[in-house]
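One structure follows; several queries about it will come next.
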Amino acid sequence: GGLLEHFGERCVTSNQFYRPLSSTGSNSSARGQQMEPLSVRHTILRGPNSGRDLLAFGFLFNFGSFSPNSFVQWVEQAVAEPWFAQAVAAHAEDVVGVAVLAHMGWTDESIEVIRAAVRAAPGGAHLPMVVLAGHTHIRVFSRLDENAGLLESGRYFDTIGMIGFDTPPSAANAHVA
């Protein structure tokens with residue numbers, strides 16, 4: 001088993017695709033096949049102690065140097081597809097916020113594209129949101145709007161910590177004391 005078999009739905013890649021190998025294990029006969037998402041494009045993360053749920057997405061920066069058997073969809077294209085707004089709308093009442101795992105620097109323009117797409121989706125206008133960025137290897141916090149923040153926490157595991165945010169009273173967290 002590989003990475004995907006090991007992590008299953010815990011692996012989230014919202015804009016990465018691959019071309020499956022043929023049944024013989026080679027790519028030669030697979031070249032005409034459609035690309036498939038590398039993993040689930042979003043998932044729900046449940047806090048083990050709080051029992052609260054977060055809607056999670058995972059984005060790679062707009063990377064153009066991929067192999068013929070992989071593809072990184074531009075962030076602008078991914079969030080414009082119906083699945084993105086549908087995911088926010090379907091879970092907005094059941095989660096306490098959105099977590100975006102972003103392999104991109106804290107100043108990358110794609111972060112604003114993702115934030116704006118969450119805000120434009122049904123139910124997403126005031127949903128708490130945290131972007132966990134990482135590519136420039138610095139420690140920084142930035143407020144994106146009144147209900148959204150970004151954290152990039154250093155390099156090579158030199159910063160270990162936690163991030164917290166207030167959640168409004170809702171049906172999603174009414175069961176938590």
**OP:** Identify the two heavy atoms, one from Ser14 and one from Ala78, that lie closest to each other, and give their separation to 0.1 Å.
**Re:**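 Closest heavy-atom pair between Ser14 and Ala78: O-CB, 4.1 Å.
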
Original post:
For Ala92 and Pro122, which heavy atoms make the closest approach, and how far apart are they?
Top reply: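 Reported closest heavy-atom pair: CB-O, 4.3 Å.
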
**OP:** Show your reasoning for whether side chain to side chain contact (heavy atoms under 4.5 Å, CB included) applies to Phe71 and Gln16.
**Re:** CA-CA 6 Å; Phe71 174 72; Gln16 298 167 55; over 6 Å; no

Subject >> Any Asn15 side-chain heavy atom under 4.5 Å of Thr13 side chain >> reply: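 Not touching, per the 4.5 Å side-chain cut-off.
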
Original post:
So do the side chains of Val130 and Leu150 get within less than 4.5 Å of each other, counting heavy atoms only?
Top reply: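 No, every pair of side-chain atoms sits at 4.5 Å or beyond.
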
**OP:** Starting at NE2 of His91, measure out to CD of Glu93 and round the result to the nearest 0.5 Å.
**Re:**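 Interatomic distance, His91 NE2 to Glu93 CD, rounded to 0.5 Å: 12.5 Å.
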
Subject >> Side-chain heavy-atom pair Leu54, Val95 within 4.5 angstrom cut-off >> reply: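 Side-chain contact under 4.5 Å: no.
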
Original post:
Do the non-hydrogen side-chain atoms of Asn147 and Leu127 ever get within less than 4.5 Å of each other?
Top reply: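 With C-beta onward as the side chain, the pair stays apart.
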
Original post:
If you round to the nearest 0.5 Å, how far is OG of Ser153 from CD1 of Ile138?
Top reply: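 If we round to the nearest 0.5 Å, Ile138:CD1 and Ser153:OG are 11.0 Å apart.
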
Original post:
Going through the distances and angles, do Phe57 and Val88 end up as a side chain to side chain contact (heavy atoms under 4.5 Å, CB included)?
Top reply: CA-CA 10 Å; Phe57 297 98; Val88 174; 4.1 Å; yes

**OP:** Kindly work out whether a path of hydrophobic side-chain contacts (I/L/V/M/F/W/Y, heavy atoms less than 4.5 Å apart) joins Trp106 to Phe63.
**Re:**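 Yes, Trp106 and Phe63 fall within the same hydrophobic cluster.
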
Original post:
If we ignore angles and hydrogens, is there a donor and acceptor under 3.5 Å between the side chains of Asn62 and Glu109?
Top reply: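 Side chains of Asn62 and Glu109: no pair found under 3.5 Å.
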
Subject >> Under 3.5 Å donor-acceptor, Arg19 side chain and Asn69 backbone >> reply: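 Side chain of Arg19 to backbone of Asn69: no pair is present.
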
Subject >> Residue pair Val113, Val79: steps toward the side chain to side chain contact (heavy atoms under 4.5 Å, CB included) verdict >> reply: CA-CA 8 Å; Val113 170; Val79 300; 3.7 Å; yes

Subject >> Validation row: Met129, Arg119 side chains within 4.5 angstrom (heavy atoms) >> reply: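 Counting from C-beta outward, Met129 and Arg119 do come under 4.5 Å.
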
**OP:** Compute whether any side-chain donor of one residue and acceptor of the other, for Glu152 and Thr136, lie under 3.5 angstrom apart.
**Re:**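 There is such a pair (donor and acceptor under 3.5 Å, judged by atom type) between the side chains of Glu152 and Thr136.
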
Original post:
Transitively linked via ILVMFWY side-chain contacts under 4.5 Å: Val72 with Met35?
Top reply: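 Yes; tracing contacts between hydrophobic side chains, which count when under 4.5 Å, links both residues.
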
Original post:
Do the non-hydrogen side-chain atoms of Arg41 and Val12 ever get within less than 4.5 Å of each other?
Top reply: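 Side chain of Arg41 against side chain of Val12, heavy atoms only: no contact under 4.5 Å found.
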
**OP:** Kindly compute the distance separating CG (Leu101) from CG (Leu60), expressed to the nearest 0.5 Å.
**Re:**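 If I round to the nearest 0.5 Å, the distance is 12.0 Å.
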
Original post:
Aromatic rings His103 and His135: how do their planes relate, parallel, tilted or perpendicular, breaks at 30° and 60°?
Top reply: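 Tilted.
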
Original post:
Take atom CD in Glu81; do more than 12 heavy atoms of anything else shown fall under 6.0 Å from it?
Top reply: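 Counting other residues, nucleotides and ligands, CD of Glu81 exceeds 12 neighbours.
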
Original post:
Do Val100 and Trp74 belong to the same hydrophobic cluster, where Ile, Leu, Val, Met, Phe, Trp and Tyr are linked whenever their side-chain heavy atoms lie under 4.5 Å apart, directly or via other members?
Top reply: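 Cluster IDs for Val100 and Trp74 differ.
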
Subject >> Separation of Tyr18 OH from Ser39 OG (nearest 0.5 Å) >> reply: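 Between Ser39 OG and Tyr18 OH, I get 10.0 Å after rounding to 0.5 Å.
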
**OP:** Could you go through the side-chain hydrogen bond (donor to acceptor under 3.5 Å, both in side chains) check for Asp108 and Ser110 one step at a time?
**Re:** CA-CA 5 Å; Asp108 192 307; Ser110 295; 3.1 Å; yes

Original post:
So, the side chain of Thr43 versus the backbone of Arg10: is there a donor-acceptor pair under 3.5 Å, distance only?
Top reply: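 Not a single qualifying donor-acceptor pair exists.
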
**OP:** Please name the pair of heavy atoms, one in Ala85 and one in Ala121, separated by the smallest distance, quoted to 0.1 Å.
**Re:**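 Residues Ala85 and Ala121, closest heavy atoms: CA-CB, 3.9 Å.
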
Subject >> Same cluster (ILVMFWY, side-chain, under 4.5 Å), Phe59 and Phe17 >> reply: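 Yes, Phe59 and Phe17 fall within the same hydrophobic cluster.
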
Original post:
Quick one: does Pro37's side chain get under 4.5 Å of Trp83's, heavy atoms only?
Top reply: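 Result no, sub-4.5 Å side-chain heavy-atom pair not found.
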
**OP:** Test side chain to side chain contact (heavy atoms under 4.5 Å, CB included) on Val131 and Leu144 and set out the steps.
**Re:** CA-CA 9 Å; Val131 177; Leu144 304 175; 3.8 Å; yes

